[in-house]
Amino acid sequence: MKSKLIFIFLFLVTVSVVAQEATLTAKVSKNKLGVNQRLRIEFTINKQGGDHFSPPNFTNFKVVGGPSQSVSQSWINGKSSFAQSYTYIIKPNRKGELTIGTASIKIDGKTIKTDPIKIIVLDAVEIPKDPNDPNYIAQQNIHLVAEISKSRPYVGEGIYVEYRLYVSENVSVYDTGVTEAPQYNGFWNQAIKIKNFPVKMGKYNGDDYRYIVLQKALLIPTKTGNLTIDPMKMDIVIGVPTGRADFFGNVITKNVKKEFASAKKIISPRSLPLEGKPTNFAGAVGDFNFDVTLSKGVLKANESSQIKVAVSGDGNLKLFELPEVTTPVELEKYQPERKEKVQVSPNGISGTVSDLYTVVPQYKGKYKIPNVSFSYFNPDEKKYHTITTDDFYVDVLEGKELKPAVDTNATQKHDVVSTGKNFRYIETKSSLERIDTDDFFKSNLFYILLLLPLITIPIGIFIAKKNEERSNDLIGNKLRKAERLAKKYLSEAQKQLGKKEAFYEALERALHNYLKAKLGIETADISTEKITEILENKKIEPTTIDQFIEVLKHSDMARYSQITNTEMEAEFERAKQVIVQLDKQL
């Protein structure tokens with residue numbers, strides 16, 4: 001019974017060994033070295049039966065030793081392991097970022113290969129006599145690496161650069177500091193926030209490392225050509241083992257401060273294709289949606305409506321202009337207000353950008369707002385797309401009638417009228433008489449012109465003094481300027497005196513237009529409380545603000561009340577005075 005159990009156990013172990021998947025791995029003694037140094041590379045297969053091992057070509061390297069073969073087999077805690085290795089000693093022929101190609105071996109009728117390994121070769125270094133030299137160990141166990149998501153993007157297409165600090169298990173990092181940040185010339189760039197800097201496990205050149213992401217940025221190339229990302233440089237304090245132990249057998253470490261730099265990266269953006277490029281293309285690259293909406297399609301004259309032009313999706317949302325909306329001349333259109341809800345995340349730029357237009361109709365009627373088109377390039381599909389919206393119509397139900405246009409250049413016909421004197425006979429004789437003229441000297445005109453400077457000079461001096469006094473009267477000048485400004489804005493309301501509704505509409509519009517001109521804001525659709533807050537922020541006296549709000553409210557209420565011409569004239573004077581007071585304080 002006991003022999004049967006032993007047989008079953010050995011059978012299961014043999015099956016497990018046979019079932020183990022064969023792998024061929026490559027491991028280097030160092031992945032960063034000077035051009036005058038050597039490194040050891042070891043190719044290992046973990047299963048018996050490997051045959052016809054083929055090493056890489058070792059381009060840019062010289063083989064100075066090997067291959068040497070070794071076989072090891074062990075049995076630990078009931079588990080069997082096998083390893084057959086091929087070892088080479090190689091030396092780089094030049095500086096730069098070099099690659100060791102793939103090696104291969106045949107086993108069970110299949111060919112398995114290793115992954116390529118990158119080796120960074122630096123300037124010649126002073127080879128330490130002591131292999132446990134802390135500076136030497138630090139250089140071999142820490143790597144600052146710049147990872148690029150794409151080296152050949154389209155112009156306008158977003159890519160990422162990520163700076164990683166790889167640290168082996170042999171050393172510890174106590175302090176870091178960036179001494180030279182990378183420059184992104186030729187790119188629009190946006191840093192991506194990294195929370196808590198988590199430590200991750202990963203491989204660098206086939207070896208296990210701990211690493212953290214120090215910086216990450218979104219880059220959008222703005223032009224073609226070879227664009228250079230300069231290295232990031234850091235000072236790092238490293239704790240490295242010295243190869244000695246203390247009295248209790250603990251490894252003695254030494255802190256070393258060294259500067260590290262990432263490799264320079266070259267990005268070569270591609271031009272957007274000319275084939276199929278729409279005429280209205282404005283540089284949008286990504287995957288987008290486009291929409292145009294109208295807040296109100298039915299309204300009264302002088303009542304406002306908003307047109308919203310919005311682009312949403314993923315791509316270079318901050319790097320192109322939205323298409324402009326065209327409106328009929330009867331719809332007064334104001335400058336659009338730009339709104340952005342955009343976020344930059346590890347997945348790219350996403351969100352919405354929009355332009356909000358305010359339109360105010362002046363006359364009764366139905367007006368067409370033509371369709372709007374937006375074009376973008378999708379780098380994944382490598383083609384252009386165009387989205388076109390529908391036409392909109394604004395129906396103005398109440399307001400002034402639009403007068404038909406009169407052609408002032410039209411020629412009016414008139415009957416030809418004969419006066420009897422249209423043509424005269426040619427005179428055949430002349431009757432000329434001598435004209436007697438008086439001398440200018442000592443004439444009345446002579447004496448007038450002689451005395452004129454004596455009169456005009458004192459008058460000119462007097463007028464100049466008055467003008468100087470007036471120009472020095474800053475308060476008076478400001479008051480006169482404010483009165484002229486008030487008359488300008490209230491001119492339409494003055495013309496409508498006696499017509500209650502038209503007068504108060506013009507008066508209210510004048511007050512809003514004044515604030516719009518002086519403060520650069522739209523006030524037609526905001527409350528009196530908001531206007532009060534804006535004026536208080538401009539340090540306007542409370543009494544003046546109250547008078548302005550009172551006139552504004554009364555203009556709205558008086559349309560529906562019994563108002564006499566005398567009350568309208570008094571309201572006009574109050575509005576004039578409040579504009580004068582506001583202008584003196586703004």
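Keep in mind that the numbers below use all heavy atoms, side chains included, and drop hydrogens, waters and symmetry copies. Nothing here was measured: the structure is a model prediction, and the numbers come from that model.
Looking only at distances, no side-chain donor or acceptor of Asp314 sits under 3.5 Å from a matching main-chain atom of Asp287. Judged purely by atom type and a 3.5 angstrom limit, Thr222 uses its side chain to pair as donor or acceptor with the backbone of Gly186. No side-chain donor-acceptor contact under 3.5 Å links Thr327 to the backbone of Ile369. A side-chain donor-acceptor contact under 3.5 Å links Glu157 to the backbone of Tyr154. A distance-only check finds no donor-acceptor pair linking the side chain of Lys150 to the backbone of Tyr160 [under 3.5 Å]. Counting only distance, with no hydrogens or angles, the side chain of Ser262 and the backbone of Val145 share no donor-acceptor pair below 3.5 Å. The backbone N or O of Thr25 sits nowhere less than 3.5 Å from a side-chain atom of Thr114 that would complete a donor-acceptor pair. A side-chain donor-acceptor contact under 3.5 Å links Thr179 to the backbone of Lys233.
Within the 4.5 Å cutoff, the side chain of Ile236 has heavy atoms near those of the Ile142 side chain. A heavy-atom distance below 4.5 Å is found between the side chains of Met234 and Leu214. Put simply, the side chain of Val237 does not reach to within 4.5 Å of the side chain of Val173, judged on heavy atoms. Annotation: side chain of Asp235 is in contact with side chain of Lys257 (closest heavy-atom distance under 4.5 Å). The side-chain heavy atoms of Val161 and Asn189, taken from C-beta on, include no pair separated by under 4.5 Å. Between Asn60 and Arg94 the shortest side-chain heavy-atom distance falls below 4.5 Å. Residues Leu294 and Val394 form a side-chain contact, since some pair of their non-hydrogen atoms from C-beta on lies under 4.5 Å apart. The shortest distance between side-chain heavy atoms of Thr228 and Asn185 does not fall below 4.5 Å.
Interatomic distance, Lys364 NZ to Asp395 CG, rounded to the nearest 0.5 Å: 9.5 Å. For the atom pair Leu397 CG and Glu303 CD, the distance stands at 9.5 Å (nearest 0.5 Å). Taking OH of Tyr166 as the reference point, atom NZ of Lys32 lies at 12.5 Å (rounded to 0.5 Å). The OH atom of Tyr184 sits 11.0 Å away from the CD1 atom of Ile267 when rounded to the nearest 0.5 Å. To the nearest 0.5 Å, atoms NZ (Lys341) and CG (Leu317) are separated by 14.0 Å. Summarising the geometry, atom CD belonging to Glu332 is positioned 10.5 Å from atom OG1 belonging to Thr358; distances are rounded to the nearest 0.5 Å.
Taking a cutoff of 4.0 Å between a charged side-chain nitrogen and a carboxylate oxygen, Lys264 and Asp230 do not qualify as a salt bridge. Under a 4.0 Å N-O distance rule, the pair Asp391/Lys368 qualifies as a salt bridge. Between Glu337 and Lys308 there is no salt bridge, since none of the side-chain N atoms of the basic residue sits less than 4.0 Å from a carboxylate O of the acidic one.
If you run side chain to side chain donor-acceptor pair (under 3.5 Å) between Tyr209 and each of His143, Lys203, Arg164, only His143 comes through.
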Inset, instruction - Output, in order, the C-alpha distance, side-chain angles, deciding distance and verdict of ring pair (Phe, Tyr, Trp, His ring centres under 6.0 Å) for Phe320 and Phe288. - result: CA-CA 12 Å; Phe320 59 84; Phe288 301 109; 5.6 Å; yes
Legend entry - Residue pair Val342, Ile349: steps toward the side-chain contact (heavy atoms from CB on, under 4.5 Å) verdict: CA-CA 7 Å; Val342 177; Ile349 299 180; 3.3 Å; yes
Inset, instruction - Would you sort out whether Thr386 and Ser373 count as a side-chain hydrogen bond (donor to acceptor under 3.5 Å, both in side chains), showing the intermediate values? - result: CA-CA 7 Å; Thr386 298; Ser373 295; over 6 Å; no
Inset, instruction - Please report the C-alpha distance between Ser375 and Asn280 in whole Å, then the side-chain angles of each, then the deciding distance to 0.1 Å, and finally whether the side-chain hydrogen bond (donor to acceptor under 3.5 Å, both in side chains) criterion is met. - result: CA-CA 7 Å; Ser375 297; Asn280 67 334; 2.7 Å; yes
Legend entry - Pair Glu147-Lys265, salt bridge (charged side-chain N to carboxylate O under 4.0 Å, His left out): steps then yes or no: CA-CA 9 Å; Glu147 299 284 351; Lys265 294 293 184 178; over 6 Å; no
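For Lys118, the NZ atom counts as loosely surrounded, since its 6.0 Å shell holds 12 or fewer non-hydrogen atoms of other residues, nucleotides or ligands. Other residues, nucleotides and ligands place no more than 12 heavy atoms under 6.0 Å from the CD atom of Glu321.
No hydrogens or angles considered: nothing links the side chains of Ser312 and Thr352 as a donor-acceptor pair under 3.5 Å. A donor atom on one side chain and an acceptor atom on the other are not found under 3.5 Å apart for Asn371 and Thr388.
Relative to the ring axis of Tyr211, Lys200 does not place its NZ or CZ within 45° and under 6.0 Å from the centre.
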Table please: side-chain donor-acceptor pairs of residues 376-385 below 3.5 Å, with sequence neighbours left out.
unit_1: Asn378; atom_1: OD1; unit_2: Asp380; atom_2: N; d: 2.9
unit_1: Asn378; atom_1: OD1; unit_2: Glu381; atom_2: N; d: 3.2
unit_1: Glu381; atom_1: OE1; unit_2: His385; atom_2: NE2; d: 2.6
unit_1: Tyr384; atom_1: OH; unit_2: Pro273; atom_2: O; d: 2.5

